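Input: a single structure, listed below in structure tokens.
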Amino acid sequence: MADPSSYRPKPGQIPDSPGVYRFRDEHGRVIYVGKAKSLRQRLSSYFQDLAGLHQRTRTMVTTAASVEWTVVATEVEALQLEYTWIKQYDPRFNVKYRDDKSYPSLAVTLNEEYPRVQVMRGPKRKGVRYFGPYAHAWAIRETVDLMLRVFPVRTCSAGVFKRSAQIGRPCLLGYIGKCSAPCVGRVTAAEHRELAEEFCDFMAGRTGAYLKRLERRMHEAAEEMEYEKAARLRDDIGALQSAMEKNAVVLADATDADLIALAEDELEAAVQIFHVRGGRVRGQRGWVTDRVEAVDTAGLVEHALQQLYGDEQAEAIPREVLVPALPQHAGPVREWLTERRGARVDLRVPQRGDKKDLLATVARNAQQALVLHKTKRASDLTTRSRALEEIAEALELDSAPLRIECYDISHLQGDDVVGSMVVFEDGLARKSEYRRFEIKGFTGQDDVRAMHEVITRRFRRYVQEKQKTGEWGDPEAEAAAERGRADTGTDTDAADAAAEGPAGRDPDTGRPRKFAYPPQLVVVDGGQPQVAAAKRALGELGVDDVAVVGLAKRLEEVWLPDSDDPVILPRSSEGLYMLQRVRDEAHRFAIAYQRKKRAKSMKAGPLDDVPGLGESRRRALLKHFGSVKRLRAATIDQICEVPGIGRKTAENIAATLAQAAPAAPAVNTATGEIMDE
């Protein structure tokens with residue numbers, strides 16, 4: 001636990017200007033991001049007597065080891081920069097809403113030549129118009145099915161569309177009148193796009209004028225005694241009215257607004273949003289957050305607005321946003337929303353009438369969501385906490401292992417040997433921290449030696465990161481790191497970086513380096529030999545504050561270093577179940593990587609050995625010549641005719657193919673015919 005006075009800025013050092021500040025922990029990770037109208041006043045409030053701080057704020061400032069700030073010109077810039085940094089660094093002490101489910105939306109792909117109507121989930125794409133989100137995908141499909149009668153827009157996939165165009169025959173929807181069949185040319189691309197835009201206008205709430213136009217056309221058809229056309233228009237009007245009835249009118253004045261309500265207690269908060277367009281509820285969504293930050297209702301509303309509109313397109317932001325409480329600095333938030341929408345946005349608390357009543361309904365939904373979330377999570381949280389406590393007690397650890405790393409080795413009869421590292425934090429998988437290793441120090445089958453190499457490479461990087469920040473200055477540890485490098489047979493850190501991904505993150509950014517955060521417990525898949533190898537690797541690097549255990553598959557016994565007898569956890573133990581989950585996840589991750597490498601090696605051909613020849617030019621060569629056999633027979637001048645292939649590359653290709661032994665000819669087993677490559 002750090003003393004805040006040890007990193008408190010000197011008097012007069014903090015500017016009295018708007019800005020954004022970041023607290024970092026001892027490992028350089030950003031743990032909290034905040035903004036302030038006056039940095040001097042806000043930061044000074046963190047360095048008062050600890051007894052006067054809120055418990056969560058006190059935990060944050062004692063976890064932090066440094067603070068820094070960035071001055072901006074206006075409060076709006078501070079709001080934007082705060083959102084960007086929270087999204088980038090994912091600070092543990094900031095409020096972060098998490099979706100309670102992946103809500104489906106109705107999407108119209110206006111970025112395609114022939115726009116398509118479909119159900120979409122996940123991040124929003126540029127050029128796609130979204131409506132919703134909705135609680136259930138079936139609700140979207142029912143609405144679309146009714147509206148396709150009037151707006152016969154394409155709903156098929158690219159493959160179906162292309163197939164219908166090739167055979168000159170539309171799919172079933174084209175025959176029953178629920179698709180205008182642009183695939184076979186029944187309508188032009190411009191006519192189909194006009195249909196899609198009318199569909200979007202109707203979904204956006206502009207329904208009255210369109211229904212009146214249909215009614216007028218129906219009466220005109222009846223007067224001209226075109227009764228079949230009039231009946232068809234009548235059915236179209238009925239279908240649209242049925243689709244509209246699925247979204248009841250909640251605001252009579254055809255309001256476009258988002259209503260945001262909160263339900264909160266001391267530990268968690270839930271937010272619910274109703275999207276009202278044209279006076280009707282067009283979508284609903286909700287989030288839940290842990291209250292790790294000392295923030296009131298107004299602060300929670302501000303965080304919700306940032307998350308809701310931070311990445312939205314202009315058309316997704318309504319004219320009016322109704323909230324239960326205004327943010328402390330409502331002016332900059334209004335200005336930020338107006339800037340993102342490109343038009344005025346009214347942010348206010350409804351005081352009377354239908355809007356106040358509807359906000360109360362949203363609040364009741366938020367309360368129910370919070371109760372449901374707590375009901376689902378209670379047993380899960382309790383189980384994970386009990387599992388970590390059981391592990392700590394069985395292994396005689398000082399505290400529960402909040403970060404567990406597990407390692408496994410995989411190979412196929414000694415070929416394509418790889419290692420995996422998976423990370424569990426607070427009993428949950430943290431997949432962004434997973435790493436995989438290609439064994440480079442030796443060839444053949446030796447799981448113990450491979451485990452020693454993987455542990456050495458992982459913790460050597462950790463030692464090096466600590467040395468860069470000055471937190472590890474022991475010469476013996478540095479010498480041990482060099483010995484470990486020699487033992488594993490790896491020549492440079494660049495080789496590790498090539499196998500394990502991009503280099504560690506810059507300390508100035510606050511983003512965590514790849515291996516800078518140590519675990520409390522290392523689990524290896526195996527028994528005494530693997531545990532001894534892992535412990536030896538840590539000892540050679542001077543790392544003595546990380547516990548090591550092995551989990552053997554045969555009897556699921558837990559092995560400790562320098563112990564002749566395993567620790568036997570009861571079969572009903574939650575701790576054993578968690579260790580099994582961690583081990584199985586490491587095994588799955590290693591197997592997936594090993595299979596990927598094996599598949600890649602099986603697909604390798606003679607062109608893979610040509611220096612400087614990438615995938616794109618390999619494809620171009622094979623497309624030009626048709627096969628490796630014909631390419632091998634080609635002259636250098638003929639190879640140079642391929643776009644992107646120069647004289648020197650052509651000579652390398654010819655030389656490599658001349659050295660490579662030609663593959664055995666393929667034989668058609670049914671006819672005995674010898675086939676070309």
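The shown structure was predicted, so the numbers you read here are calculated from the model rather than taken from an experiment. The chain is numbered in sequence order, starting from 1.
A salt bridge links Arg348 with Glu320; the closest basic N to acidic carboxylate O contact falls under 4.0 Å. With respect to the salt-bridge test (charged N to carboxylate O, under 4.0 angstrom), the residues Glu585 and Arg588 qualify.
Side-chain atoms of Tyr130 come within 3.5 Å of backbone N or O of Arg125 as a donor-acceptor pair. For Arg116 (side chain) and Thr155 (main-chain N/O), a donor-acceptor pair under 3.5 Å exists by modelled atom type. Proximity of a side-chain donor or acceptor of Arg341 to a complementary backbone N or O of Ile317 within less than 3.5 Å is detected. The main-chain N or O of Ala181 is never found under 3.5 Å from a side-chain atom of Arg186 such that the two would form a donor-acceptor pair. Judged by distance alone, with hydrogens and angles left aside, the side-chain atoms of Ser420 form no donor-acceptor pair with the main-chain N or O of Phe589 at under 3.5 Å. Put simply, the side chain of Arg384 gets close to the backbone of Asp426: a donor and an acceptor are under 3.5 Å apart. Without hydrogens or angle criteria, Asn111 side chain to Val128 main chain gives no donor-acceptor distance under 3.5 Å. Although no hydrogens or angles enter the test, the distance criterion places a donor-acceptor pair under 3.5 Å between the side chain of His192 and the main chain of Arg154. Arg129 contributes no side-chain N or O that, together with a main-chain N or O of Leu110, makes up a donor-acceptor pair within less than 3.5 Å. Judged by distance alone, with hydrogens and angles left aside, the side-chain atoms of Asn365 form a donor-acceptor pair with the main-chain N or O of Thr361 at under 3.5 Å.
Residues Val323 and Val349 are in side-chain contact: their nearest non-hydrogen atoms beyond the backbone lie under 4.5 Å apart. Inter-residue side-chain proximity for Val30 and Trp85 is flagged as unmet; no heavy-atom pair is nearer than 4.5 Å. Side-chain contact check for Asp258 versus Tyr309: some heavy-atom pair is nearer than 4.5 Å. Contact check for Ile645 versus Leu621: side-chain heavy atoms found under the 4.5 Å cut-off. Looking at Cys156 and Leu173, their side chains never come closer than 4.5 Å, going by heavy atoms from C-beta outward. Side-chain contact between Pro327 and Leu305: present, with at least one pair of heavy atoms (C-beta onward) separated by less than 4.5 Å. Contact check for Phe424 versus Arg430: no side-chain heavy atoms found under the 4.5 Å cut-off. Within the 4.5 Å cutoff, side-chain heavy atoms of Val33 are placed close to those of Val20.
Considering every non-hydrogen atom in both Pro350 and Leu322, the closest pair reads CD-CB, 4.1 Å. Considering all non-hydrogen atoms of both residues, Leu337 and Val345 come closest at O-CG2, 3.8 Å. The minimum heavy-atom distance between Ala196 and Pro115, with the atom names listed, is CB-CB, 3.8 Å. In plain terms, the two heavy atoms of Val423 and Tyr434 that are nearest each other are N-CE1, 3.4 Å. Summarising the geometry of Ser180 relative to Val187, their closest heavy-atom pair is OG-CG2, 3.6 Å, with the distance given to 0.1 Å. Across all non-hydrogen atoms, the minimal contact from Ala261 to Ala366 is O-CB, 4.0 Å.
Leu259 contributes atom CG, which lies 4.5 Å from atom CG of Leu358 (distance to the nearest 0.5 angstrom). Taken from CD in Glu228 to CD in Glu226, the straight-line distance is 9.5 Å, to the nearest 0.5 Å. In this structure, His303 NE2 and Leu308 CG are separated by 14.5 Å, a value rounded to the nearest 0.5 Å. Taking CZ from Arg436 and CD from Gln594, the interatomic distance works out to 12.5 Å, rounded to the nearest 0.5 Å. Here the CG-CZ distance, from Leu359 to Arg364, works out to 10.5 Å after rounding to the nearest 0.5 Å. To the nearest 0.5 Å, atom OG1 of residue Thr188 and atom CD of residue Glu191 are 3.5 Å apart.
Other residues, nucleotides and ligands contribute at most 12 non-hydrogen atoms within 6.0 Å of the CD atom of Gln328.
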request  = Under the side-chain hydrogen bond (donor to acceptor under 3.5 Å, both in side chains) rule, what do Gln367 and Gln272 come out as? Steps first, then yes or no, please.
outcome  = CA-CA 9 Å; Gln367 186 62 46; Gln272 283 283 312; over 6 Å; no

task = Report the C-alpha separation of Thr297 and Glu264 in whole Å, then their side-chain angles, then the decisive distance to 0.1 Å, and conclude whether the side-chain hydrogen bond (donor to acceptor under 3.5 Å, both in side chains) test is met.
result = CA-CA 8 Å; Thr297 301; Glu264 53 188 300; 2.6 Å; yes

Worked verdict on Glu82 versus Gln306 for side-chain contact (heavy atoms from CB on, under 4.5 Å) = CA-CA 9 Å; Glu82 180 194 33; Gln306 285 180 312; 3.1 Å; yes

request  = Just do the side-chain hydrogen bond (donor to acceptor under 3.5 Å, both in side chains) check on Tyr89 and Arg22 with the steps written out, would you?
outcome  = CA-CA 10 Å; Tyr89 299 129; Arg22 295 176 289 185; 2.9 Å; yes

task = Check the pair Val642 / Phe625 against side-chain contact (heavy atoms from CB on, under 4.5 Å), numbers first and verdict last.
result = CA-CA 9 Å; Val642 179; Phe625 289 101; 3.8 Å; yes

message = Could you go through Val301 and Leu326, starting from their C-alpha distance and side-chain angles, then the distance that decides it, and tell me whether this counts as side-chain contact (heavy atoms from CB on, under 4.5 Å)?
response = CA-CA 7 Å; Val301 168; Leu326 290 176; over 6 Å; no

inquiry  = Checking Arg344 against Arg319 for the side-chain contact (heavy atoms from CB on, under 4.5 Å) test, could you report, in this order, the C-alpha distance in whole Å, the side-chain angles of both residues, the deciding distance, and whether it holds?
reply    = CA-CA 7 Å; Arg344 176 182 169 80; Arg319 292 192 295 264; over 6 Å; no

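Considering only residues two or more places apart in sequence or on other chains, Tyr83 meets the ring pair (Phe, Tyr, Trp, His ring centres under 6.0 Å) condition with none of them.
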Cut-off 3.5 Å, no hydrogens considered: what does the side-chain donor-acceptor table look like for residues 157-170, sequence neighbours left out?
unit_1	atom_1	unit_2	atom_2	d
Ser157	OG	Val160	N	3.4
Ser164	OG	Val160	O	3.1

